[in-house]
Amino acid sequence: MKVIITGSSGMVGRAALIECIESKDVEEVMLINRSSINVSHSKVKELIHEDFSDFSAIKNQLAGFDACFHCMGVSSAGMSEEKYTHITYTMTVALADTLYELNPNMVFNYVSGTGSDSTEQGKSMWGRVKGKTENYILAKGFKDAYAFRPGGILPEKGVKSKTPLYNIIYILTRPLFPIMRKMDSITGSSNVGKALINSVLMPGDLKHLENTDINKLSKH
């Protein structure tokens, strides 16, 4: 399969990239990044694109793909709802609309987060926005689509979070990782990457995937 990945500078996006490189089922990976992550591999191509609200400049390079793993995201901490909505919802819509026009038969996987609010009516600002984004993707009309809702993720294979506080927490809790790996409510970054791939290979009826679902799907 041929896969597009966004957010490969972050933990989930980098994990998805690593698993795609290692997977015999993935033949080509197109990264869309604002700045290069300097990955050199025969499977991987990288498009540098700054404006994620308009993909017209690179549109002619986005046809012929089987899946998109949209892993780009930011923390809502200290951010206005308007700005968070622009980054989380508006940019995702721009990408989805462009890819649907070019590849309606692709699988679009949106990496959201546990606690996302499908009703779009809850008290949590980020939950409402994430839920609205999920709803748009799932209703867009792609051959298939999933909202991945990872919660606690343990970094593996050298991946790191872009949030400094999270990296400090990971360092402090690392002695507990062996115990945490046995918990269904915790997943590993590699499991997320494998589950993203497996959702394309083995479609399922469950469209909102929490950590327990991600762990199960990663094992197939």
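Ion pairing of Lys132 with Asp117 is absent here, as no side-chain N (NZ or NE/NH1/NH2) approaches a carboxylate O to less than 4.0 Å. Using a 4.0 Å cut-off between charged nitrogen and carboxylate oxygen, Lys157 and Glu22 count as a salt-bridge pair.
Within 6.0 Å of atom NZ in Lys140, more than 12 heavy atoms from other residues, nucleotides or ligands are found, so the atom counts as buried in its surroundings. Atom NZ of Lys219 is surrounded by more than 12 heavy atoms from other residues, nucleotides or ligands within 6.0 Å.
Linking ILVMFWY residues whenever their side-chain heavy atoms come closer than 4.5 Å, directly or via other members, places Leu201 and Val26 in the same cluster. Under the 4.5 Å side-chain heavy-atom criterion for Ile, Leu, Val, Met, Phe, Trp and Tyr, Ile197 and Val39 are members of the same hydrophobic cluster. Clustering ILVMFWY residues whenever any of their side-chain heavy atoms sit less than 4.5 angstrom apart, transitively, puts Leu138 in a cluster other than the one holding Tyr89. No chain of hydrophobic side-chain contacts below 4.5 Å, direct or via other Ile, Leu, Val, Met, Phe, Trp or Tyr residues, connects Leu99 to Leu17. One hydrophobic cluster, built from ILVMFWY side chains closer than 4.5 Å, holds both Ile4 and Phe52.
Closest non-hydrogen pair, Ala15 versus Ser189, comes out as CB-O, 3.3 Å. Counting all heavy atoms, side chain and backbone alike, Gly152 lies closest to Asn211 at O-ND2, 3.1 Å. In terms of heavy-atom proximity, Ile153 sits nearest to Gly188 at CG2-C, 4.0 Å. Lys43 and Ser23 get closest at one heavy-atom pair: NZ-O, 2.6 Å. Across all non-hydrogen atoms, the minimal contact from Met125 to Ser76 is CE-CB, 4.0 Å. Pairing each heavy atom of Gly13 with each of Ile5, the nearest pair is O-CG2, 4.0 Å.
Between the Thr90 side chain and the Ile87 main chain, no donor and acceptor come within less than 3.5 Å of each other. Side-chain atoms of Asn191 never come within 3.5 Å of backbone atoms of Thr187 as a donor-acceptor pair (strictly under, hydrogens ignored). With hydrogens and angles disregarded, no donor-acceptor distance shorter than 3.5 Å links the side chain of Lys143 to the backbone of Met106. Remark: side-chain polar atoms of His49 are paired, donor with acceptor, to backbone N or O of Asp54 under 3.5 angstrom. The backbone N or O of Gln121 sits nowhere less than 3.5 Å from a side-chain atom of Arg128 that would complete a donor-acceptor pair.
For Ser118, the side chain to side chain donor-acceptor pair (under 3.5 Å) test picks out Arg149, with sequence neighbours left out. The side-chain contact (heavy atoms from CB on, under 4.5 Å) test applied to Asp144 returns Val107, Tyr146, Pro203, Lys207, not counting sequence neighbours. In this structure, Asp51 has no salt bridge (charged side-chain N to carboxylate O under 4.0 Å, His left out) partners at least two apart in sequence or on a different chain. Here Glu28 pairs with nothing under the side chain to side chain donor-acceptor pair (under 3.5 Å) rule; sequence neighbours left out. Evaluation of the side-chain contact (heavy atoms from CB on, under 4.5 Å) rule for Lys130 yields Tyr84, Thr88, Tyr110, Ser112, Ser116, Trp126 as partners, not counting sequence neighbours. In this view, Glu27 satisfies the side chain to side chain donor-acceptor pair (under 3.5 Å) rule with no residue, not counting sequence neighbours. Looking at residues two or more places apart in sequence or on another chain, you find a side-chain contact (heavy atoms from CB on, under 4.5 Å) between Thr114 and Glu210. Remark: Asp213 engages no residue in a side chain to side chain donor-acceptor pair (under 3.5 Å) (not counting sequence neighbours). With sequence neighbours left out, Ser80 forms a side-chain contact (heavy atoms from CB on, under 4.5 Å) with Glu82, Lys83. Among residues two or more places apart in sequence or in another chain, the ring pair (Phe, Tyr, Trp, His ring centres under 6.0 Å) test is passed with Tyr100 by Phe142. Here Lys59 pairs with Glu101 under the salt bridge (charged side-chain N to carboxylate O under 4.0 Å, His left out) rule; sequence neighbours left out.
Rounded to the nearest 0.5 angstrom, His86 NE2 and Met79 CE are separated by 10.5 Å. The line from CG of Leu196 to CD1 of Ile214 is 7.5 Å long, rounded to the nearest 0.5 Å. To the nearest 0.5 angstrom, Lys216 atom NZ is 9.0 Å from Leu206 atom CG. Here the OG atom belonging to Ser9 is positioned 8.0 Å from the CZ atom belonging to Arg14, to the nearest 0.5 angstrom.
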- Tell me, with the steps shown, if Met1 and Val3 meet side chain to side chain contact (heavy atoms under 4.5 Å, CB included). CA-CA 6 Å; Met1 75 176 84; Val3 177; 3.6 Å; yes

- Candidate pair Asn33 and Leu47, rule side chain to side chain contact (heavy atoms under 4.5 Å, CB included), full reasoning: CA-CA 6 Å; Asn33 291 322; Leu47 280 177; over 6 Å; no

- Message: I'd like to know whether Arg34 forms a side chain to side chain contact (heavy atoms under 4.5 Å, CB included) with Ile48, so could you lay out the CA-CA distance, the side-chain angles of the two residues, the decisive distance to 0.1 Å, and finally the verdict.
- Response: CA-CA 5 Å; Arg34 290 190 181 89; Ile48 304 303; over 6 Å; no

- Task: Could you go through the side chain to side chain contact (heavy atoms under 4.5 Å, CB included) check for Ser199 and Asn109 one step at a time?
- Result: CA-CA 8 Å; Ser199 70; Asn109 285 340; 2.7 Å; yes

Report, one line per pair, each donor and acceptor closer than 3.5 Å where one atom sits in a side chain of residues 61-72; sequence neighbours left out.
{"residue": "Asp66", "atom": "OD2", "partner": "Lys2", "partner atom": "N", "Å": "2.8"}
{"residue": "His70", "atom": "ND1", "partner": "Thr6", "partner atom": "OG1", "Å": "2.6"}
{"residue": "His70", "atom": "NE2", "partner": "Thr92", "partner atom": "OG1", "Å": "3.0"}

